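So the structure is just underneath, and the comments pick up after that.
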Amino acid sequence: QAASGNYSKQAASGDSSTFEITGQNGVIACSGANGKAKGVIGTWISLAEYDNSSPPKCIGFASGCIGQDNLDPDVFYVAKGGKLVKA
């Protein structure tokens, strides 16, 4: 999924969702396993983290803001170890 307008909001619950926001002040939330997201400075990202069991079990969420929290613009991030890390 991609959005380019200012104040865009995206959400998904499906596994392996990919998000990209190019407009200002966007918000991304993904509760599915293996989600990844990227955005411009000011984009808030929240991604679910799952364990490796079968079926996978959600073990938490990682959230942060691009341009803060050591998150760079235009880089895909995933949830790992309770943090957003480069994909």
Side-chain angles (χ1 to χ4, degrees):
Q1 295 184 19
S4 59
N6 293 341
Y7 301 95
S8 295
K9 288 148 186 77
Q10 296 183 336
S13 59
D15 293 349
S16 301
S17 296
T18 301
F19 296 95
E20 178 179 357
I21 288 184
T22 58
Q24 297 176 351
N25 301 307
V27 177
I28 296 169
C30 179
S31 61
N34 303 311
K36 67 179 182 178
K38 73 176 179 177
V40 298
I41 291 176
T43 300
W44 280 91
I45 296 174
S46 184
L47 300 174
E49 180 178 358
Y50 284 75
D51 64 13
N52 293 322
S53 64
S54 183
K57 177 183 172 188
C58 183
I59 56 174
F61 270 83
S63 297
C65 183
I66 303 296
Q68 303 173 34
D69 306 315
N70 294 317
L71 302 177
D72 297 321
D74 301 317
V75 173
F76 276 108
Y77 287 93
V78 297
K80 187 172 182 180
K83 298 179 181 181
L84 293 173
V85 299
K86 291 180 180 178

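What you are looking at is a predicted structure, and each value in this text was computed from that prediction instead of being measured. Values reported hereafter were calculated over all heavy atoms of this structure, with side chains retained and with hydrogens, waters and symmetry mates removed. Counting begins at 1 with the first residue of the sequence.
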Is there side-chain contact between [X] and [Y], with heavy atoms separated by less than 4.5 Å?
{"X": "V85", "Y": "V78", "result": "yes"}
{"X": "L84", "Y": "D69", "result": "no"}
{"X": "Y50", "Y": "K57", "result": "no"}

Restricting to non-hydrogen atoms, name the atom on [X] and the atom on [Y] that form the minimum distance, rounded to 0.1 Å.
{"X": "S46", "Y": "F61", "answer": "OG-CD2, 3.4 Å"}
{"X": "Y77", "Y": "L47", "answer": "O-CD1, 3.3 Å"}
{"X": "A62", "Y": "A79", "answer": "CB-CB, 3.9 Å"}

Item to complete: Please check if the side chain of E49 supplies one atom and the backbone of G82 the other of a donor-acceptor pair under 3.5 Å.
Response: yes
Discussion item. Just to verify, what does D74 make a side chain to side chain contact (heavy atoms under 4.5 Å, CB included) with, not counting sequence neighbours?
Written reply: V40
Reported [atom1]-to-[atom2] distance for the pair [X] and [Y], which is rounded to 0.5 angstrom:
{"X": "E20", "Y": "T43", "atom1": "CD", "atom2": "OG1", "answer": "10.0 Å"}
{"X": "C65", "Y": "N25", "atom1": "SG", "atom2": "CG", "answer": "8.5 Å"}
{"X": "K83", "Y": "L71", "atom1": "NZ", "atom2": "CG", "answer": "11.0 Å"}

Worksheet item: Same cluster for F76 and I28 if Ile/Leu/Val/Met/Phe/Trp/Tyr side chains link at under 4.5 Å?
Response: no
